[in-house]
Amino acid sequence: MADIVPAILEPGTAETPSPLPTAVLDARAVVVLVFDGLGAEQLAARPRVAPTLNEMHAATITTVAPSTTASALTSIATGVGVGEHGIVGYRIPTYDGNLNVLRWRTPVGDGLDRHPPERLQPVVSFGGQRPPALQKAEYRKSGFSRAYLRDARRFGYKMLSSLVVEVRQLLAAGESFVYAYYEGLDIVAHEHAFGEHYEAELRACDRLMADLLTVLPSGTAVVAISDHGLVDCSGGMVRIDRPVLDCSHAESGEARFRWLHARPDRDRDLYEAAVDCHGQQAWVHTASEIIDEGWLGPVVTDAARSRLGDVALVARDGWAFGHPDDGGSNIIGRHGSLTSAEMLVPLLVHVS
(Lines give C-alpha, C1' and ligand atoms only; values in the text may rest on other atoms or scores of the structure.)
Protein backbone atom coordinates (compact mmCIF):
# COMPACT_ATOMS: atom_id res chain seq x y z
CA MET A 1 0.00 0.00 0.00
CA ALA A 2 2.92 2.36 0.55
CA ASP A 3 3.47 2.33 -3.23
CA ILE A 4 0.09 3.85 -4.14
CA VAL A 5 0.54 7.56 -3.41
CA PRO A 6 4.11 7.77 -4.79
CA ALA A 7 2.91 6.06 -7.98
CA ILE A 8 0.43 8.90 -8.45
CA LEU A 9 2.44 11.90 -7.28
CA GLU A 10 5.91 10.78 -8.38
CA PRO A 11 5.33 8.44 -11.36
CA GLY A 12 8.36 6.71 -12.73
CA THR A 13 10.48 7.08 -9.61
CA ALA A 14 9.66 3.72 -8.00
CA GLU A 15 12.01 0.75 -8.34
CA THR A 16 9.04 -1.59 -8.88
CA PRO A 17 6.26 -1.39 -11.51
CA SER A 18 3.30 0.82 -10.66
CA PRO A 19 0.40 -1.08 -9.09
CA LEU A 20 -2.03 1.29 -10.80
CA PRO A 21 -3.59 1.10 -14.28
CA THR A 22 -2.14 3.49 -16.84
CA ALA A 23 -5.47 5.31 -17.05
CA VAL A 24 -5.04 6.50 -13.46
CA LEU A 25 -1.58 7.87 -14.13
CA ASP A 26 -2.90 9.69 -17.22
CA ALA A 27 -5.89 11.21 -15.40
CA ARG A 28 -6.24 14.99 -15.06
CA ALA A 29 -7.00 14.63 -11.34
CA VAL A 30 -6.90 11.78 -8.82
CA VAL A 31 -8.89 11.26 -5.62
CA VAL A 32 -7.44 8.78 -3.13
CA LEU A 33 -10.17 7.65 -0.74
CA VAL A 34 -9.23 5.48 2.26
CA PHE A 35 -11.98 3.35 3.80
CA ASP A 36 -10.72 2.41 7.25
CA GLY A 37 -11.27 -1.30 7.94
CA LEU A 38 -12.31 -2.49 4.47
CA GLY A 39 -10.59 -5.85 4.03
CA ALA A 40 -10.44 -7.48 0.60
CA GLU A 41 -11.89 -10.75 1.90
CA GLN A 42 -14.78 -9.03 3.64
CA LEU A 43 -15.61 -6.98 0.53
CA ALA A 44 -15.41 -9.95 -1.86
CA ALA A 45 -17.77 -11.95 0.38
CA ARG A 46 -20.50 -9.29 0.06
CA PRO A 47 -20.99 -8.46 -3.64
CA ARG A 48 -24.69 -7.65 -3.22
CA VAL A 49 -24.07 -5.39 -0.22
CA ALA A 50 -21.44 -3.29 -2.02
CA PRO A 51 -21.96 -3.63 -5.79
CA THR A 52 -20.24 -0.35 -6.69
CA LEU A 53 -17.09 -1.13 -4.71
CA ASN A 54 -16.93 -4.70 -5.97
CA GLU A 55 -17.25 -3.57 -9.59
CA MET A 56 -14.27 -1.24 -9.05
CA HIS A 57 -12.04 -3.95 -7.61
CA ALA A 58 -8.86 -3.84 -9.69
CA ALA A 59 -6.43 -5.75 -7.50
CA THR A 60 -5.67 -6.98 -4.00
CA ILE A 61 -2.69 -5.47 -2.20
CA THR A 62 -1.12 -5.89 1.22
CA THR A 63 -1.09 -3.54 4.14
CA VAL A 64 1.81 -3.08 6.58
CA ALA A 65 2.80 -4.92 9.73
CA PRO A 66 1.34 -4.32 12.20
CA SER A 67 -1.94 -4.11 10.28
CA THR A 68 -3.21 -1.20 12.30
CA THR A 69 -4.53 2.26 11.46
CA ALA A 70 -1.74 4.37 12.94
CA SER A 71 0.99 2.50 11.09
CA ALA A 72 -0.89 1.96 7.83
CA LEU A 73 -2.23 5.49 7.31
CA THR A 74 1.24 6.85 7.90
CA SER A 75 2.67 4.49 5.27
CA ILE A 76 -0.06 5.48 2.80
CA ALA A 77 0.66 9.19 3.25
CA THR A 78 4.45 9.00 3.40
CA GLY A 79 5.02 6.18 0.92
CA VAL A 80 7.51 4.42 3.21
CA GLY A 81 7.49 1.42 5.51
CA VAL A 82 6.80 1.33 9.22
CA GLY A 83 10.46 1.00 10.10
CA GLU A 84 11.24 4.25 8.30
CA HIS A 85 8.42 6.50 9.52
CA GLY A 86 8.54 5.06 13.04
CA ILE A 87 4.82 4.84 13.86
CA VAL A 88 5.30 1.22 14.88
CA GLY A 89 1.85 0.57 16.33
CA TYR A 90 -1.18 1.85 18.19
CA ARG A 91 0.76 2.29 21.45
CA ILE A 92 4.38 3.37 21.33
CA PRO A 93 6.57 3.32 24.46
CA THR A 94 7.92 6.69 25.59
CA TYR A 95 9.68 7.97 28.70
CA ASP A 96 6.30 8.78 30.31
CA GLY A 97 4.43 5.62 29.34
CA ASN A 98 2.82 4.35 26.19
CA LEU A 99 1.74 7.01 23.73
CA ASN A 100 -1.73 6.21 22.34
CA VAL A 101 -1.00 7.41 18.82
CA LEU A 102 -4.59 7.97 17.67
CA ARG A 103 -5.40 10.04 20.76
CA TRP A 104 -1.83 11.36 21.18
CA ARG A 105 -2.00 10.84 24.92
CA THR A 106 0.17 9.09 27.51
CA PRO A 107 -0.87 8.07 31.05
CA VAL A 108 0.09 11.56 32.27
CA GLY A 109 -2.11 13.39 29.75
CA ASP A 110 -1.98 15.09 26.37
CA GLY A 111 1.31 14.38 24.63
CA LEU A 112 1.53 17.23 22.13
CA ASP A 113 4.06 19.29 24.10
CA ARG A 114 6.16 16.38 25.33
CA HIS A 115 6.05 14.36 22.10
CA PRO A 116 5.81 16.77 19.14
CA PRO A 117 4.19 14.84 16.27
CA GLU A 118 6.55 16.24 13.64
CA ARG A 119 9.52 14.99 15.64
CA LEU A 120 8.10 11.56 16.36
CA GLN A 121 7.28 11.06 12.64
CA PRO A 122 9.88 12.95 10.56
CA VAL A 123 9.05 11.76 7.01
CA VAL A 124 7.24 14.27 4.78
CA SER A 125 3.83 13.22 3.52
CA PHE A 126 2.76 13.17 -0.14
CA GLY A 127 6.30 13.77 -1.33
CA GLY A 128 6.22 17.27 0.17
CA GLN A 129 3.58 18.43 -2.33
CA ARG A 130 1.05 19.70 0.26
CA PRO A 131 -2.21 18.47 -1.33
CA PRO A 132 -5.59 18.83 0.38
CA ALA A 133 -6.30 16.07 2.93
CA LEU A 134 -9.95 15.63 3.88
CA GLN A 135 -11.04 13.98 7.15
CA LYS A 136 -13.60 14.34 9.92
CA ALA A 137 -13.42 17.87 11.30
CA GLU A 138 -12.52 16.76 14.83
CA TYR A 139 -9.36 15.07 13.56
CA ARG A 140 -7.92 18.06 11.68
CA LYS A 141 -5.74 19.37 14.50
CA SER A 142 -5.05 16.10 16.29
CA GLY A 143 -1.55 14.97 17.09
CA PHE A 144 -1.86 11.96 14.83
CA SER A 145 -3.03 14.10 11.89
CA ARG A 146 -0.05 16.36 12.43
CA ALA A 147 2.20 13.30 12.46
CA TYR A 148 0.99 11.40 9.42
CA LEU A 149 -0.37 14.19 7.23
CA ARG A 150 2.46 16.55 8.17
CA ASP A 151 2.32 19.64 5.93
CA ALA A 152 -0.71 18.63 3.88
CA ARG A 153 -3.49 21.21 3.82
CA ARG A 154 -6.01 19.61 6.16
CA PHE A 155 -9.73 20.07 5.47
CA GLY A 156 -12.59 18.80 7.64
CA TYR A 157 -16.13 17.56 7.09
CA LYS A 158 -18.75 17.04 9.78
CA MET A 159 -21.20 14.59 8.18
CA LEU A 160 -20.61 11.74 5.75
CA SER A 161 -22.78 13.39 3.11
CA SER A 162 -20.45 16.39 3.17
CA LEU A 163 -17.43 14.34 2.11
CA VAL A 164 -18.64 14.15 -1.49
CA VAL A 165 -19.44 17.86 -1.53
CA GLU A 166 -16.00 18.77 -0.20
CA VAL A 167 -14.23 16.56 -2.75
CA ARG A 168 -16.26 18.05 -5.60
CA GLN A 169 -15.48 21.58 -4.46
CA LEU A 170 -11.76 20.87 -4.17
CA LEU A 171 -11.69 19.42 -7.68
CA ALA A 172 -13.70 22.36 -9.01
CA ALA A 173 -11.15 24.71 -7.45
CA GLY A 174 -8.46 23.10 -9.60
CA GLU A 175 -6.87 20.56 -7.25
CA SER A 176 -5.22 17.72 -9.16
CA PHE A 177 -4.88 15.39 -6.16
CA VAL A 178 -7.22 14.99 -3.18
CA TYR A 179 -6.76 12.62 -0.22
CA ALA A 180 -9.90 11.69 1.73
CA TYR A 181 -10.45 9.39 4.71
CA TYR A 182 -13.57 7.78 6.19
CA GLU A 183 -13.47 5.62 9.33
CA GLY A 184 -17.07 4.43 9.80
CA LEU A 185 -16.64 0.79 8.81
CA ASP A 186 -13.78 0.28 11.26
CA ILE A 187 -15.74 1.82 14.13
CA VAL A 188 -18.79 -0.36 13.47
CA ALA A 189 -16.71 -3.54 13.09
CA HIS A 190 -14.91 -2.89 16.39
CA GLU A 191 -18.25 -2.94 18.18
CA HIS A 192 -20.29 -5.44 16.15
CA ALA A 193 -17.85 -7.44 13.99
CA PHE A 194 -19.52 -8.70 10.80
CA GLY A 195 -23.28 -8.84 11.44
CA GLU A 196 -26.03 -6.67 10.03
CA HIS A 197 -24.53 -3.49 11.53
CA TYR A 198 -21.39 -4.10 9.50
CA GLU A 199 -23.34 -4.72 6.32
CA ALA A 200 -25.44 -1.59 6.86
CA GLU A 201 -22.27 0.46 7.19
CA LEU A 202 -20.73 -1.21 4.14
CA ARG A 203 -23.84 -0.22 2.17
CA ALA A 204 -23.30 3.35 3.35
CA CYS A 205 -19.70 3.20 2.07
CA ASP A 206 -20.96 1.86 -1.24
CA ARG A 207 -23.49 4.70 -1.53
CA LEU A 208 -20.73 7.17 -0.68
CA MET A 209 -18.67 5.88 -3.57
CA ALA A 210 -21.63 5.82 -5.95
CA ASP A 211 -22.45 9.44 -5.04
CA LEU A 212 -18.83 10.46 -5.51
CA LEU A 213 -18.65 8.91 -8.96
CA THR A 214 -21.64 10.98 -10.09
CA VAL A 215 -19.94 14.33 -9.35
CA LEU A 216 -16.46 13.69 -10.73
CA PRO A 217 -15.32 15.95 -13.57
CA SER A 218 -14.38 14.17 -16.77
CA GLY A 219 -10.87 12.79 -16.67
CA THR A 220 -10.81 12.26 -12.90
CA ALA A 221 -9.70 8.98 -11.36
CA VAL A 222 -10.75 7.57 -8.00
CA VAL A 223 -8.39 5.19 -6.23
CA ALA A 224 -9.90 3.67 -3.09
CA ILE A 225 -7.88 1.57 -0.67
CA SER A 226 -8.00 0.55 2.97
CA ASP A 227 -5.57 0.44 5.85
CA HIS A 228 -6.45 -3.11 6.99
CA GLY A 229 -9.15 -5.74 7.25
CA LEU A 230 -10.51 -7.23 10.48
CA VAL A 231 -11.00 -10.47 12.38
CA ASP A 232 -13.89 -11.42 14.66
CA CYS A 233 -12.29 -11.92 18.08
CA SER A 234 -15.45 -12.50 20.10
CA GLY A 235 -14.55 -15.10 22.72
CA GLY A 236 -10.88 -14.95 21.81
CA MET A 237 -9.54 -12.56 24.45
CA VAL A 238 -6.82 -14.16 26.59
CA ARG A 239 -4.67 -12.98 29.46
CA ILE A 240 -0.93 -13.20 29.12
CA ASP A 241 0.29 -15.98 31.38
CA ARG A 242 2.23 -15.31 34.59
CA PRO A 243 5.56 -16.88 33.44
CA VAL A 244 5.58 -14.38 30.55
CA LEU A 245 4.70 -11.43 32.76
CA ASP A 246 7.43 -12.42 35.21
CA CYS A 247 10.01 -11.91 32.44
CA SER A 248 8.65 -8.61 31.14
CA HIS A 249 8.32 -5.15 32.65
CA ALA A 250 6.00 -3.53 30.09
CA GLU A 251 3.79 -4.09 27.04
CA SER A 252 3.06 -1.96 24.00
CA GLY A 253 1.42 -2.33 20.59
CA GLU A 254 -2.08 -3.78 20.53
CA ALA A 255 -4.13 -6.86 21.24
CA ARG A 256 -3.22 -8.72 18.03
CA PHE A 257 0.38 -7.52 17.81
CA ARG A 258 1.49 -7.32 21.43
CA TRP A 259 5.05 -6.23 22.13
CA LEU A 260 6.61 -7.53 25.35
CA HIS A 261 9.52 -5.61 26.88
CA ALA A 262 11.98 -7.86 28.71
CA ARG A 263 13.34 -7.29 32.16
CA PRO A 264 17.13 -6.82 32.24
CA ASP A 265 18.95 -9.94 31.03
CA ARG A 266 15.65 -11.82 30.59
CA ASP A 267 15.29 -11.59 26.79
CA ARG A 268 15.79 -15.29 26.15
CA ASP A 269 13.66 -16.28 29.13
CA LEU A 270 10.87 -14.05 27.85
CA TYR A 271 10.98 -15.56 24.37
CA GLU A 272 10.92 -19.14 25.68
CA ALA A 273 8.11 -18.40 28.13
CA ALA A 274 6.06 -16.75 25.36
CA VAL A 275 6.51 -19.76 23.08
CA ASP A 276 5.65 -22.22 25.85
CA CYS A 277 2.57 -20.33 27.06
CA HIS A 278 1.16 -18.80 23.88
CA GLY A 279 2.77 -20.55 20.91
CA GLN A 280 -0.59 -22.07 19.94
CA GLN A 281 -2.32 -18.68 20.00
CA ALA A 282 0.35 -16.52 18.38
CA TRP A 283 3.37 -16.44 16.16
CA VAL A 284 6.13 -15.56 18.61
CA HIS A 285 9.09 -13.60 17.24
CA THR A 286 11.92 -11.51 18.57
CA ALA A 287 12.36 -7.93 17.39
CA SER A 288 15.57 -8.96 15.60
CA GLU A 289 13.73 -11.67 13.66
CA ILE A 290 10.99 -9.24 12.64
CA ILE A 291 13.50 -6.68 11.43
CA ASP A 292 15.67 -9.24 9.62
CA GLU A 293 12.65 -10.76 7.86
CA GLY A 294 11.58 -7.35 6.57
CA TRP A 295 8.21 -7.06 8.30
CA LEU A 296 8.76 -3.34 8.91
CA GLY A 297 10.09 -2.56 5.46
CA PRO A 298 13.59 -2.24 3.99
CA VAL A 299 14.63 0.58 6.34
CA VAL A 300 14.42 0.48 10.14
CA THR A 301 15.76 3.61 11.79
CA ASP A 302 17.31 3.71 15.23
CA ALA A 303 14.27 5.66 16.46
CA ALA A 304 11.87 3.01 15.17
CA ARG A 305 13.98 0.20 16.64
CA SER A 306 13.93 1.88 20.04
CA ARG A 307 10.11 1.80 20.03
CA LEU A 308 9.84 -1.97 19.57
CA GLY A 309 9.65 -4.46 22.38
CA ASP A 310 11.89 -7.50 22.66
CA VAL A 311 9.34 -10.21 21.82
CA ALA A 312 6.11 -9.95 19.85
CA LEU A 313 2.95 -12.01 20.25
CA VAL A 314 1.37 -11.87 16.79
CA ALA A 315 -2.09 -13.38 17.16
CA ARG A 316 -3.29 -16.35 15.15
CA ASP A 317 -6.92 -17.04 14.20
CA GLY A 318 -9.33 -15.00 16.37
CA TRP A 319 -7.13 -14.61 19.46
CA ALA A 320 -6.30 -11.29 21.12
CA PHE A 321 -4.10 -10.50 24.10
CA GLY A 322 -5.78 -8.36 26.72
CA HIS A 323 -4.37 -5.30 28.42
CA PRO A 324 -6.04 -2.85 30.86
CA ASP A 325 -5.65 0.00 28.32
CA ASP A 326 -7.05 -1.95 25.39
CA GLY A 327 -10.81 -1.62 25.82
CA GLY A 328 -11.13 -5.18 27.10
CA SER A 329 -13.88 -7.36 25.67
CA ASN A 330 -15.83 -4.34 24.39
CA ILE A 331 -13.94 -4.52 21.11
CA ILE A 332 -15.02 -7.49 18.98
CA GLY A 333 -13.63 -6.82 15.51
CA ARG A 334 -9.86 -6.39 15.72
CA HIS A 335 -6.78 -6.07 13.55
CA GLY A 336 -3.02 -5.79 13.82
CA SER A 337 -1.84 -9.30 13.01
CA LEU A 338 -0.76 -11.03 9.79
CA THR A 339 -3.78 -13.13 8.81
CA SER A 340 -5.03 -12.68 5.27
CA ALA A 341 -8.29 -11.22 6.60
CA GLU A 342 -6.28 -8.35 8.11
CA MET A 343 -3.40 -8.00 5.65
CA LEU A 344 -5.21 -8.09 2.29
CA VAL A 345 -6.98 -4.93 1.21
CA PRO A 346 -8.68 -4.00 -2.06
CA LEU A 347 -7.33 -1.60 -4.66
CA LEU A 348 -10.44 -0.05 -6.20
CA VAL A 349 -10.19 2.08 -9.33
CA HIS A 350 -12.54 4.17 -11.46
CA VAL A 351 -11.67 6.66 -14.17
CA SER A 352 -14.45 8.99 -15.34
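Computation of the quantities below employed the complete heavy-atom set of this structure, encompassing side-chain atoms and omitting hydrogens, waters and symmetry-equivalent molecules.
A donor-acceptor distance shorter than 3.5 angstrom exists from the side chain of R130 to the backbone of D151, with no hydrogens or angles considered. With hydrogens and angles disregarded, a donor-acceptor distance shorter than 3.5 Å links the side chain of S352 to the backbone of T220. Remark: side-chain polar atoms of H190 are paired, donor with acceptor, to backbone N or O of G333 under 3.5 angstrom. Side-chain atoms of T60 do not come within 3.5 Å of backbone N or O of L344 as any donor-acceptor pair. A donor-acceptor pair under 3.5 Å links the side-chain atoms of S337 to the main chain of A315, judged by distance alone. Judged purely by atom type and a 3.5 angstrom limit, H335 uses its side chain to pair as donor or acceptor with the backbone of S67.
For the 3.5 Å distance criterion, the side chains of H228 and T68 fail to qualify, holding no donor opposite an acceptor. Under the 3.5 Å distance criterion, with hydrogens and angles disregarded, no donor-acceptor pair is assigned to the side chains of T74 and Q121. Using a 3.5 Å distance cut-off with no hydrogens or angles, the side chains of Y157 and R140 do not pair a donor with an acceptor.
The nearest pair of heavy atoms linking G79 to P6 is CA-CG, 3.8 Å. Contact between R307 and G86 at its shortest, heavy atoms only, is NH1-O, 2.9 Å. Between L296 and I291 the shortest heavy-atom distance is CD1-CG1, 4.4 Å. Here the shortest heavy-atom pairing between R91 and S252 reads O-CB, 3.6 Å. Between A274 and L260, the closest heavy-atom pair is CB-CD1, 4.5 Å. When all heavy atoms are compared, the tightest approach of P117 to A147 is CB-N, 3.7 Å.
Ring planes of H197 and H192: parallel class, angle under 30° (limits at 30 and 60°). Note on ring orientation: taking the six-membered ring where Trp is involved, the planes of H285 and W295 are perpendicular (angle over 60°, cut-offs 30° and 60°).
In summary, D246 and R242 engage in a salt bridge, as defined by a charged side-chain N under 4.0 Å from a carboxylate O.
The neighbour count for R28 CZ, taken as heavy atoms of other residues, nucleotides or ligands under 6.0 Å away, does not exceed 12. No more than 12 heavy-atom neighbours from other residues, nucleotides or ligands sit within 6.0 angstrom of CD on Q280. A 6.0 Å sphere centred on CD of E196 holds no more than 12 heavy atoms belonging to other residues, nucleotides or ligands.
Note that OG1 of T63 and CD1 of I76 are 6.5 Å apart. Values are rounded to the nearest 0.5 Å. Note that NZ of K136 is 11.0 Å distant from NZ of K158, once rounded to the nearest 0.5 Å. Rounding to the nearest 0.5 Å places OG1 of T69 at 5.0 Å from CG of D186. Atom CG of L230 and atom CG of D36 lie 8.0 Å apart (nearest 0.5 Å). Rounded to the nearest 0.5 angstrom, I4 CD1 and I61 CD1 are separated by 4.5 Å. How far CH2 of W319 is from CD of Q281: 5.0 Å, rounded to the nearest 0.5 Å.
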Per-pair distances, 0.1 Å, donor-acceptor, side chain in residues 159-175, under 3.5 Å, sequence neighbours excluded:
{"from": "E175", "atom 1": "OE1", "to": "R153", "atom 2": "NH2", "distance (Å)": "3.1"}
{"from": "E175", "atom 1": "OE2", "to": "R153", "atom 2": "NH1", "distance (Å)": "3.0"}
{"from": "E175", "atom 1": "OE2", "to": "R153", "atom 2": "NH2", "distance (Å)": "3.1"}

Could you go through the side chain to side chain contact (heavy atoms under 4.5 Å, CB included) check for Y182 and C205 one step at a time?
CA-CA 9 Å; Y182 177 62; C205 293; 3.8 Å; yes
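When side chains are defined from C-beta on, V49 does not count as touching N54, because their heavy atoms never get closer than 4.5 Å.
There is no path of hydrophobic side-chain contacts, each under 4.5 Å, that joins V123 to L9.
Checking Q42, M1, E41 one by one against V345, the side chain to side chain contact (heavy atoms under 4.5 Å, CB included) holds for a single residue, M1.
Residues W259 and F257 bring their aromatic ring centres within 6.0 Å.
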